[in-house]
Amino acid sequence: MKYQRAAGAGHDKLAAEGVITAELVKAPKPKPVEKKVEEKLKPVEKPKFEPAPNPKAEIKVRKQKPKPVETKPEPAETQPSEPTQPTRELTLEEELAGVGKGVAGGKGQGDGGNAIETILNHKGTLMLGGEMSSRLSGKTFHLEMGRVDVQGGNRLINTEIELHPDGTSTVTLTHYFFQTYHELYSSTRSESGTGHWWIEGNRWCHQSPIINYNTKDCYDLTTAGAEVRLYYAPCNQESSALCKTGRLAGTGEVK
């Protein structure tokens with residue numbers, strides 16, 4: 001009988017005594033290796049975003065207050081109006097009624113002394129249209145214009161108007177700025193330009209871009225020796241801002 005050492009702690013002694021036989025001692029069978037099955041990771045499902053429902057705004061209907069009933073006042077009894085008379089243009093005498101009435105020569109007395117000089121109390125002899133054409137064509141006006149009717153005026157204009165036979169004119173203006181309370185010196189300013197002249201009835205008319213912004217003024221002319229005087233004709237929408245019907249517009253000579 002052969003002895004076989006059994007593996008394991010304490011088996012040596014038993015084998016020596018013949019207790020453990022070869023049939024009793026069997027080598028343990030190896031355990032089968034378990035194959036690990038790789039689990040496939042399932043994709044994580046993302047949560048679906050569902051927009052929150054928009055709450056519908058509640059529309060509150062305001063009740064309109066009833067409008068108060070308007071009571072129309074009864075029309076008052078009116079008396080039939082008197083028929084209006086058609087307006088008429090004022091005559092030159094009526095326009096100058098507020099100026100003061102004078103007599104020829106400027107010696108009439110107004111409410112406060114001598115009457116303001118106008119065409120109604122003009123000085124000299126009134127020129128007619130035919131006389132103007134013969135005496136003025138080819139000559140030159142040497143005038144002092146502005147507010148000649150205001151004594152002590154500090155803004156007068158020395159005006160030279162050369163009258164050409166074809167109706168055109170050459171104009172030279174010299175503005176005088178006399179010494180005043182605020183200014184301690186006098187000064188002048190000159191400018192020149194062109195214009196045109198014509199005769200309407202018994203009045204002499206002139207227009208130039210450098211005189212009163214190219215407005216048209218007509219004048220009644222009188223002569224007394226070498227002196228000539230210009231009076232504004234009735235003003236209209238085409239007249240300058242300086243135009244005062246019947247007032248003295250300028251004085252000077254024709255050479």
Polar side-chain atom of Asn202 near backbone of Gly129 as donor-acceptor pair, under 3.5 Å: yes
Approximate separation, where rounding is to 0.5 Å, of Lys216 NZ and Glu200 CD: 4.5 Å
Spatial distance of atom CE (Met127) from atom CD1 (Ile199) [nearest 0.5 Å]: 8.0 Å
Main-chain N/O of Arg229 paired to Thr251 side chain as donor or acceptor, under 3.5 Å: no
Cys218 side chain reached by Gln207 side chain, heavy atoms, under 4.5 Å: no
Rounded distance [0.5 Å steps], CD1 in Ile116 versus CG in Asn121: 9.5 Å
Leu126-Leu248 co-clustered via ILVMFWY side chain contacts under 4.5 Å: yes
Any Arg247 side-chain heavy atom under 4.5 Å of Glu117 side chain: no
Residue pair Lys255 / Lys139, side-chain heavy-atom distance below 4.5 Å: no
Working for side chain to side chain contact (heavy atoms under 4.5 Å, CB included), residues Ile157 and Leu143: CA-CA 8 Å; Ile157 303 174; Leu143 304 170; over 6 Å; no
Any side-chain heavy-atom pair of Ile211 and His206 under 4.5 Å: yes
Derivation of the side chain to side chain contact (heavy atoms under 4.5 Å, CB included) call for Leu242 and Lys244: CA-CA 6 Å; Leu242 294 177; Lys244 303 291 182 183; over 6 Å; no
Side-chain H-bond candidate by donor/acceptor type, Asn212 with Thr215, under 3.5 Å: no
Residue pair Thr140 / Val254, side-chain heavy-atom distance below 4.5 Å: no
Within-4.5 Å side-chain heavy-atom neighbours: Arg189 and Thr174: no
Flag side-chain contact, heavy atom, 4.5 Å: Trp197 against Thr168: no
Inter-residue atom distance Ser240.OG - Asp217.CG, 0.5 Å rounding: 3.5 Å
Test of ring centre spacing under 6.0 Å for Phe141 and Trp204: yes
Shortest non-hydrogen contact from Ser169 toward Leu163: CB-CD2, 4.5 Å
Backbone of Glu160 reached by a side-chain donor or acceptor of Thr172 within 3.5 Å: no
Worked verdict on Thr170 versus His164 for side-chain hydrogen bond (donor to acceptor under 3.5 Å, both in side chains): CA-CA 8 Å; Thr170 302; His164 305 297; 3.0 Å; yes
Stepwise side chain to side chain contact (heavy atoms under 4.5 Å, CB included) test for Arg135 and Thr223: CA-CA 11 Å; Arg135 292 188 59 178; Thr223 58; 4.0 Å; yes
His122 side chain near Tyr231 side chain, heavy-atom distance below 4.5 Å: yes
Interatomic spacing from CD in Glu238 to SG in Cys205 - rounded to 0.5 Å: 10.0 Å
Full working for side chain to side chain contact (heavy atoms under 4.5 Å, CB included) between Leu230 and Asp220: CA-CA 6 Å; Leu230 284 71; Asp220 289 298; over 6 Å; no
Pairwise distance OG(Ser208) to CG(Leu173) - rounded to 0.5 angstrom: 7.0 Å
Residue pair Ala224 / Gly124: nearest heavy atoms and the distance that separates them: CB-CA, 3.9 Å
Nearest heavy atoms of Ser137 and Pro165, plus distance in Å: OG-CA, 3.4 Å
